[in-house]
Amino acid sequence: MKRALVLICMFLLSFQLFCDPIEFEYEPYEEDEFPLWSYEIRRAESIFFGSFVITLPVSMLCYNLAGSFGAPVASSASTRMLHSAAIASGLSLAIAGIDYLIGALSD
């Protein structure tokens with residue numbers, strides 16, 4: 001089975017030897033090429049995932065501290081992780097939403 005898979009991969013990769021190289025010239029983006037909403041979504045995505053890196057460990061720490069102070073928390077580790085990720089996602093979504101509102105109000 002492995003030998004057949006290797007032969008198929010070698011056969012498919014051999015097509016690259018017989019192809020002409022693709023030649024193209026780089027053209028910079030025009031100013032009006034993308035609509036404004038796509039820039040706003042891209043900014044919100046960058047802020048969401050950028051802040052998620054910080055909010056996830058903070059929410060995990062706060063969730064574990066709440067459990068050590070007697071608050072009811074989940075018993076399994078996977079459920080605790082899912083709860084922490086949900087809290088972190090909500091915080092990151094709130095941060096992205098606040099950034100959008102600040103940008104909308106400043107215009």
Side-chain angles (χ1 to χ4, degrees):
M1 180 66 184
K2 289 182 182 179
R3 183 176 289 171
L5 186 61
V6 169
L7 288 174
I8 290 171
C9 288
M10 288 177 57
F11 177 72
L12 292 175
L13 290 174
S14 67
F15 284 120
Q16 188 174 5
L17 298 173
F18 303 110
C19 294
D20 293 331
I22 299 173
E23 296 181 14
F24 62 92
E25 293 186 26
Y26 173 74
E27 295 178 15
Y29 292 122
E30 296 176 13
E31 192 169 322
D32 298 336
E33 192 164 352
F34 297 106
L36 181 62
W37 61 266
S38 66
Y39 289 115
E40 293 172 353
I41 288 178
R42 176 67 179 147
R43 179 179 172 90
E45 175 191 6
S46 298
I47 290 173
F48 176 82
F49 287 111
S51 65
F52 188 75
V53 173
I54 296 186
T55 57
L56 182 63
V58 169
S59 66
M60 290 174 68
L61 177 68
C62 293
Y63 193 77
N64 291 334
L65 282 175
S68 66
F69 286 127
V73 295
S75 59
S76 68
S78 61
T79 307
R80 283 195 308 260
M81 181 62 190
L82 285 174
H83 288 175
S84 297
I87 293 168
S89 297
L91 288 172
S92 294
L93 187 62
I95 291 170
I98 289 169
D99 176 72
Y100 175 76
L101 288 176
I102 289 172
L105 294 176
S106 67
D107 288 341

> Quick one: do Leu93 and Phe49 end up in the same hydrophobic cluster if we chain Ile, Leu, Val, Met, Phe, Trp and Tyr together by side-chain heavy atoms under 4.5 Å apart?
Replying inline: yes
> Between Gly67 and Val73, what is the shortest heavy-atom contact and its length?
Replying inline: CA-CG1, 3.7 Å
> Can you name the residues that form a side chain to side chain contact (heavy atoms under 4.5 Å, CB included) with Ser76, not counting sequence neighbours?
Replying inline: Ser78, Thr79
> Sequence neighbours excluded, which residues qualify as side chain to side chain donor-acceptor pair (under 3.5 Å) partners of Ser84?
Replying inline: none
> With sequence neighbours left out, which residue pairs that include part of residues 88-107 fulfil the ring-ring contact (aromatic ring centres under 6.0 Å, His included) condition?
Replying inline: none
>> For Leu91 and Val58: C-alpha separation, side-chain torsions, deciding distance, then whether side chain to side chain contact (heavy atoms under 4.5 Å, CB included) applies.
In response: CA-CA 10 Å; Leu91 288 172; Val58 169; 5.8 Å; no
> Hydrophobic cluster mates of Val6, side-chain heavy atoms under 4.5 angstrom, ILVMFWY only, any path?
Replying inline: Met10
>> If we ignore hydrogens and angles and just use 3.5 Å, is the side chain of Ser92 paired with the main-chain N or O of Ser89 as donor and acceptor?
In response: no
> What pairs of residues pass the side chain to side chain donor-acceptor pair (under 3.5 Å) test when at least one of them lies in residues 56-71, not counting sequence neighbours?
Replying inline: Tyr63-His83
> Tell me, which pairs form a salt bridge (Lys or Arg N to Asp or Glu O under 4.0 Å) where one or both residues lie in residues 48-61, sequence neighbours left out?
Replying inline: none
> Tell me, which pairs form a side chain to side chain donor-acceptor pair (under 3.5 Å) where one or both residues lie in residues 26-41, sequence neighbours left out?
Replying inline: none
> With sequence neighbours excluded, what pairs up with Phe24 under the ring pair (Phe, Tyr, Trp, His ring centres under 6.0 Å) test?
Replying inline: none
> So which residues get pulled into Met81's cluster when ILVMFWY side chains under 4.5 Å apart are joined, directly or through others?
Replying inline: Phe52, Leu56, Met60
> Which residue pairs pass the salt bridge (Lys or Arg N to Asp or Glu O under 4.0 Å) test with at least one member in residues 59-71, sequence neighbours excluded?
Replying inline: none
>> Enumerate the salt bridge (Lys or Arg N to Asp or Glu O under 4.0 Å) contacts for residues 45-68, please, sequence neighbours excluded, ordered by first and then second residue.
In response: Arg42-Glu45
> Which residue pairs satisfy the salt bridge (Lys or Arg N to Asp or Glu O under 4.0 Å) criterion with at least one member in residues 79-103, sequence neighbours excluded?
Replying inline: Arg43-Asp99
